[in-house]
Amino acid sequence: MRLFGTNGVRGVINEDMNVQMAMGLGKAIGTFMTGRVAIGNDPRTSADMIKSAVSCGLMSAGAEVVDLGMVPTPAVQFYVKENGLSGGVMITASHNPPEFNGIKCIDSDGTEMPRFKEEEIERIYFSRDFRSCDWMRVGGLCRASGAVESYLRNIVSLVDADTIRGAGLTVVLDCANGAGSISTPLLLNDLNVRAITLNANPQGTFPGHPSEPVEAHLQDLIALVKASDADLGIAHDGDADRTIFVDDKGRYLYGDKSLAIVAEYMVRENGGGTVVTPVSSSLAVEDVVKRAGGDIIYTRVGSPIVARKMIEIGALFGGEENGGLIFPEHQYCRDGAMTVAKVLEIVAKEGPLSALVDKVPQYCQVKRKIACPDERKGTVLDELLDYYCSETVDTTDGVKIIYNGGWTLVRPSGTEPLFRIYSEAKTEGDAIRHSEECEAVLSELLKI
Ligand code: MG
């Protein structure tokens with residue numbers, strides 16, 4: 001049985017995520033990783049309850065718990081890596097509604113835990129094969145301060161802080177009442193950026209707007225950027241591992257735009273290098289990376305997979321289109337504050353964000369889905385591959401048919417009985433046409 005999804009274990013509080021489960025997971029994690037384990041949380045109303053239960057489980061298995069308090073997920077990851085801890089646990093449900101909470105495991109190098117280690121934790125959890133320490137060996141708990149400060153200090157040391165400080169920038173920052181409220185305002189202060197803040201008080205009911213930074217939730221931010229004549233708008237998700245931007249004209253930027261802008265800048269500044277991104281990312285990213293003299297490598301979808309590929313090949317930069325950018329010089333995980341600092345550096349050096357956005361090639365992406373029973377997914381994908389055998393096909397994750405100036409990707413959903421069909425082309429008409437053609441092929445295969 002599987003507990004961990006793509007971003008840890010998540011559920012609605014006191015329904016599918018309760019104290020017993022949290023303590024059981026704490027015991028399983030503490031059995032799996034001995035030694036010192038950091039724990040942090042976002043501001044959800046259930047944070048103390050779930051964190052206490054996980055901590056009790058960890059201590060009963062003999063782990064020493066280091067409680068960092070309310071911090072962004074990447075600050076826990078940085079703390080684990082920098083202080084040589086055995087691992088970490090973040091209590092967050094990221095962008096999910098406030099009634100949810102979740103438990104996410106962090107490996108000793110600060111990366112998101114790979115699937116095979118989660119499987120071992122699941123095995124311990126379900127078999128109740130917990131280590132139960134005698135009274136001499138149960139763990140203790142200490143509270144550590146300064147995690148956010150050392151995390152931010154490292155970020156500031158990795159960007160051209162003097163140029164940012166001298167640029168006289170104004171930003172509007174929307175923290176979605178999440179964990180970024182306690183860190184990104186400090187970062188902007190250190191970088192001498194004038195910050196007009198929105199929803200920058202941590203509040204677990206998320207009264208400002210839901211914590212997923214999609215355009216519909218950021219209307220106040222967009223209006224305030226326009227009204228204040230700011231240089232850019234910045235929005236985090238609930239645990240501030242992701243950042244989405246609004247340009248100086250008040251335009252909401254889909255994550256592929258900021259990914260492309262940063263990727264091109266990184267490659268240009270470093271005179272080449274490899275950028276890693278999932279197969280579902282826009283061709284705009286590949287275009288700008290190649291334009292700057294770099295290489296691109298595609299992976300399966302999922303930020304831990306991108307991060308591990310980056311480590312394996314020594315990549316310069318990587319990231320996902322949802323605003324999760326990974327900077328190896330800082331750490332191998334999505335990092336909201338590092339993304340803010342790097343984009344400020346780019347704007348300070350190269351001018352208005354709107355002008356940078358306009359240099360990113362335009363593509364249109366459409367998404368659709370088609371039902372398919374789980375047991376037929378593998379066979380249907382094989383048949384789809386046969387059907388497109390004369391085309392250029394990438395099978396990194398599902399089947400991606402590559403055309404001149406576009407592509408169509410068919411991926412089986414990991415959680416639902418359906419295929420997702422993504423299609424990208426220069427025009428919306430072409431994207432729709434390609435996705436409809438592919439859906440028609442799939443529906444024929446499904447009839448057999
Ligand atoms: Mg998140």
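These numbers come from the heavy atoms of this one structure, side chains and all, not from hydrogens, waters or symmetry mates. Whatever order the structure lists ligands and atoms in, that order sets their numbers, starting from 1.
Using a cutoff of 4.0 Å between basic side-chain nitrogens and carboxylate oxygens, E212 and R242 are scored as salt-bridged. Ion pairing between a basic and an acidic side chain is recognised when a charged N comes within 4.0 Å of a carboxylate O; K342 and D335 show no such pairing.
Side-chain contact between S55 and I39: present, with at least one pair of heavy atoms (C-beta onward) separated by less than 4.5 Å. Taking the side chain as every heavy atom from C-beta outward, P278 and E320 approach each other to under 4.5 Å.
Listed by chain and number, the protein N, O or S atoms at a distance under 2.8 Å from the Mg ion (ligand 1) are S94 OG, D237 OD2, D239 OD1, D241 OD1.
Side chain to side chain, S354 and R251 fail the donor-acceptor criterion of an N or O pair below 3.5 Å. A donor atom on one side chain and an acceptor atom on the other are found under 3.5 Å apart for Y363 and D287.
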